[in-house]
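In what follows, a single structure is set out as C-alpha cells and then discussed.
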Amino acid sequence: MKKNWLIGGLAGVFALAGLAFVQGGGAEGEAAVAATIQPIAFPHNQHAGSEPGQNRMDCQFCHFSAERSVDAGIPAVSSCWGCHQVVQGTTPQQQAEIAKIRGYVESGEPIPWVRIHKISDHAHFPHMRHVNAGLQCQQCHGEVQTMGTFEAPDPVWGGSNMGWCIECHRNPPEGLQKADGTPIEEASIDCAVCHY
Ligand code: HEC
Ligand code: HEC
Ligand code: HEC
Ligand code: HEC
Ligand code: HEC
C-alpha cells in the first residue's frame, strides 16, 4: 500500500514537472541554458589544484557544510573577499573578475552562481552521509581541482540518473565505514530513503 502511494505521489510530481517544462521549455528556454556562464569566472584549479602556482585549498574550506549538512554549501562573498582584498590579479582580465567580487561586497548582494549539479526535487541527497562514510568529492564530481570555470549546468552527470545511486548503494567501494568504525557493505535501496 505504502509503495503504491509513493509511486502515485511521484507520478503527481512528474505531472507537475512536465507542466513546468512545457511552459519554460522550447527553443528559447534551451538557448538560455546553453548561453549561461557563471557571474564570475571562478577557476577551481587555481584555488584547489596542486600544480606549481596553484593553492591546494581543501574543498571543505569553501564547501564548509559537506560533512554536517545535506548541502555542501557555496562560500559567501565575504570569504572570497578575505583573500581577494589582497590578491587583486595581475592581468587586466584577472583584475576585472576580482573587481566583480568587490562589487558584490559593496552592494551586499550574494553572487548569483548558476547551479551545475542538481537532482530533481522529488529525490533527496544528503552530503554528510556520503562524506562521513569516507567517499571523496571526486568520486562523484570528477577531478574538480583540475577544472577551470564551470560554464553550464551538467545534464548528463551521474546524479541525474537513479541507476548511478542504486549501483553504488548495492555495491559501494571498499573501505567505507560508519562513524563507529563498522564497515559499510551496502546502503539502503528503499525507495523512501531517497524519495519523500
Ligand atoms: C575558494 C573556494 C573553493 C574551493 C577551495 C573549492 N570550491 Fe568548489 N565551488 C566554489 C564556488 C564559488 C562554486 C560556485 C561557482 C562554480 O560553480 O564554479 C563552486 C562550485 C562547485 C561545484 C558545483 C556546484 C554546483 O552548482 O553543482 C562542485 C561540485 C564543487 N565546487 C566541488 C569542489 C571540490 C571537489 C573542491 C576540492 C577539489 C572544491 N570545490 C574546492 C568555491 C570553491
Ligand atoms: C584562501 C584565499 C582565497 C580565497 C578564499 C579565494 N581566493 Fe580566489 N584566488 C586566490 C589566489 C591565490 C588566486 C590566484 C591568483 C594569481 O595567481 O594571480 C585566486 C584566483 C582567483 C581568480 C582568477 C583571477 C586571478 O586573479 O587569477 C578568481 C576569479 C577568483 N580567485 C575568485 C574567487 C572567488 C569568487 C572566491 C570566493 C568564492 C575566491 N576567489 C576565494 C585566493 C583565494
Ligand atoms: C539511492 C537513492 C534512490 C533510491 C533508493 C530510489 N531512487 Fe528513484 N530516483 C533517485 C534519483 C536520484 C532519481 C533521479 C532524479 C533526477 O531526475 O534528477 C530518481 C528517479 C526516480 C523516478 C523518475 C524516473 C527515473 O528513473 O528517473 C522514479 C519514478 C523513481 N525514482 C522511483 C523510485 C522507486 C519506486 C524506488 C524504490 C523501488 C526508488 N525510486 C528508489 C534516487 C533513488
Ligand atoms: C556520493 C556522491 C557525492 C559525493 C561523495 C559528494 N557529492 Fe556533492 N553532490 C552530489 C549530488 C547528488 C549533488 C546534487 C544534490 C541535489 O541536487 O540535491 C551534489 C551537489 C553538490 C554541490 C551543489 C549544491 C550544494 O550541495 O551546495 C556542491 C557545491 C557539491 N556537491 C560539492 C561537494 C563537495 C565539496 C564534496 C566533497 C566534500 C562532495 N560534493 C561530495 C553528489 C556527491
Ligand atoms: C559512490 C557511492 C554512492 C553513490 C554514487 C551514492 N551513494 Fe548514497 N550512500 C552511499 C553509502 C555508502 C551510504 C551509507 C552511509 C552510511 O551507512 O552511513 C549512502 C547513504 C545514502 C542515504 C542515507 C540512507 C539511509 O539509510 O538513511 C541516502 C538518502 C542516499 N545515500 C542517497 C543517495 C542518492 C539520492 C544518490 C544519487 C544521486 C546517492 N545516494 C549516490 C554511497 C553512495
Side-chain angles (χ1 to χ4, degrees), residues 3-4 6-11 13-14 17 38-49 52-67 69-91 93-102 104-105 110-111 113 115-142 144-145 148-150 153-155 157-170 172-173 176 187-196:
K3 211 165 174 182
N4 288 340
L6 176 73
I7 291 169
L10 282 170
V13 168
F14 271 96
Q38 294 293 14
I40 298 176
F42 175 81
H44 266 92
N45 52 2
Q46 285 194 42
H47 295 88
Q54 299 182 338
N55 291 288
R56 300 173 184 262
M57 289 168 66
D58 191 89
C59 308
Q60 291 190 52
F61 178 88
C62 289
H63 301 292
F64 50 87
S65 58
E67 64 185 13
S69 157
V70 167
D71 294 318
I74 298 284
V77 63
S78 57
S79 60
C80 313
W81 196 233
C83 286
H84 284 288
Q85 205 168 358
V86 180
V87 180
Q88 293 280 337
T90 41
T91 68
Q93 201 186 357
Q94 289 170 335
Q95 286 163 352
E97 294 306 313
I98 305 302
K100 293 185 197 166
I101 304 179
R102 177 195 292 276
Y104 289 108
V105 171
I111 304 172
W113 299 115
R115 183 69 176 262
I116 307 297
H117 301 113
K118 176 134 180 46
I119 59 175
S120 307
D121 292 339
H122 64 80
H124 165 79
F125 178 82
H127 269 89
M128 71 286 195
R129 291 294 295 269
H130 297 87
V131 175
N132 291 333
L135 287 165
Q136 300 297 311
C137 316
Q138 286 82 351
Q139 281 173 279
C140 298
H141 291 295
V144 176
Q145 72 284 357
T149 315
F150 287 126
D154 185 351
W157 171 67
S160 50
N161 165 7
M162 168 167 137
W164 180 67
C165 319
I166 299 288
E167 214 171 284
C168 182
H169 278 212
R170 285 217 171 99
L176 302 182
S188 175
I189 53 166
D190 182 348
C191 317
V193 305
C194 299
H195 297 288
Y196 60 83

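For the numbers below, each heavy atom of this structure counts, side chains included, while hydrogens, waters and symmetry mates do not. First listed ligand is number 1; within each ligand, the first listed atom is number 1. All figures in this text were calculated on a predicted structure; none of them were measured in a lab. For reference, positions follow the sequence shown, starting with 1.
Proximity of Phe64 to ligand 4, defined as any heavy-atom pair under 4.0 Å, is not found for any part of the residue. Residue contacts with ligand 2, taken as heavy atom pairs separated by less than 4.0 Å, do not involve Gln88 at all. The proximity of Asn161 to ligand 3, defined as any non-hydrogen pair under 4.0 Å, does not occur for either the backbone or the side chain. With a 4.0 Å cut-off on non-hydrogen atoms, Ile101 touches ligand 2 through its side chain and not its backbone.
Here the heavy atom of the protein found nearest to atom 15 (C) of ligand 4 is Arg115 NH2, 3.8 Å. Considering only non-hydrogen protein atoms, atom 27 (O) of ligand 4 sits nearest to Gly73 N, 3.0 Å. The shortest contact between atom 12 (C) of ligand 4 and any protein heavy atom is with Trp157 CH2, 3.4 Å. Counting protein heavy atoms only, atom 29 (C) of ligand 2 is closest to Ala41 O, 3.4 Å. The shortest contact between atom 26 (O) of ligand 2 and any protein heavy atom is with Gly89 CA, 3.4 Å.
Ligand 3 has His122 within reach: a non-hydrogen atom of the residue lies less than 4.0 Å from it. At least one heavy atom of Pro75 lies less than 4.0 angstrom from ligand 2.
Between Ile116 and Gln38, the shortest heavy-atom distance links the atoms CD1-NE2, 3.5 Å. Here the shortest heavy-atom pairing between Phe64 and Pro75 reads CE2-CA, 4.1 Å.
Which parts of ligand 4 touch Gln136 is read off a 4.0 Å heavy-atom cut-off, strictly below it: atoms 5 (C). Of all atoms in ligand 4, numbered sequentially from 1 with element shown, those under 4.0 Å from a heavy atom of Ile119 are 16 (C), 17 (O), 18 (O). Below 4.0 Å from some heavy atom of Ser79 lie the following atoms of ligand 2, by number and element: 5 (C). Interface of Glu97 with ligand 2, defined as ligand atoms under 4.0 Å from a residue heavy atom, comprises 29 (C).
Within the protein, the N, O or S atoms sitting under 2.8 Å from atom 8 (Fe) of ligand 4 are His127 NE2, His141 NE2.
Contact check for Pro173 versus Leu135: side-chain heavy atoms found under the 4.5 Å cut-off.
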**Item:** Verdict with supporting geometry, Ile98 and Val87, side chain to side chain contact (heavy atoms under 4.5 Å, CB included)
**Value:** CA-CA 8 Å; Ile98 305 302; Val87 180; 5.8 Å; no
**Asked** Can Cys165 and Phe125 be said to form a side chain to side chain contact (heavy atoms under 4.5 Å, CB included), step by step?
**Response** CA-CA 10 Å; Cys165 319; Phe125 178 82; over 6 Å; no
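Ring-plane geometry between His141 and Trp157 is classed as parallel, the angle between the planes falling under 30 degrees on a 0 to 90 degree scale with a further cut at 60.
Counting only non-hydrogen atoms, the option in His124, Met162, His169 that gets closest to atom 14 (C) of ligand 3 is Met162.
Checked by distance only, ligand 2 and Gln94 come closer than 3.5 Å through their nitrogen or oxygen atoms. Taking any N or O of Ser120, backbone or side chain, at least one lies under 3.5 Å from an N or O belonging to ligand 3.
Counting non-hydrogen atoms of neighbouring residues, nucleotides and ligands closer than 6.0 angstrom, the CD atom of Gln88 exceeds 12 such neighbours.
With hydrogens and angles disregarded, a donor-acceptor distance shorter than 3.5 Å links the side chain of Arg115 to the backbone of His117. Under the 3.5 Å distance criterion, the side-chain polar atoms of Asn55 are left unmatched by any main-chain donor or acceptor of Met57. Under the 3.5 Å distance criterion, the side-chain polar atoms of Ser120 are left unmatched by any main-chain donor or acceptor of His122. Judged by distance alone, the side chain of His63 and the main-chain N or O of Gly73 form a donor-acceptor pair under 3.5 Å.
The number of protein N, O or S atoms lying under 2.8 Å from atom 8 (Fe) of ligand 2 is 2.
Note on His195: counted as a metal contact of atom 8 (Fe) of ligand 3, an N/O/S atom lying under 2.8 Å.
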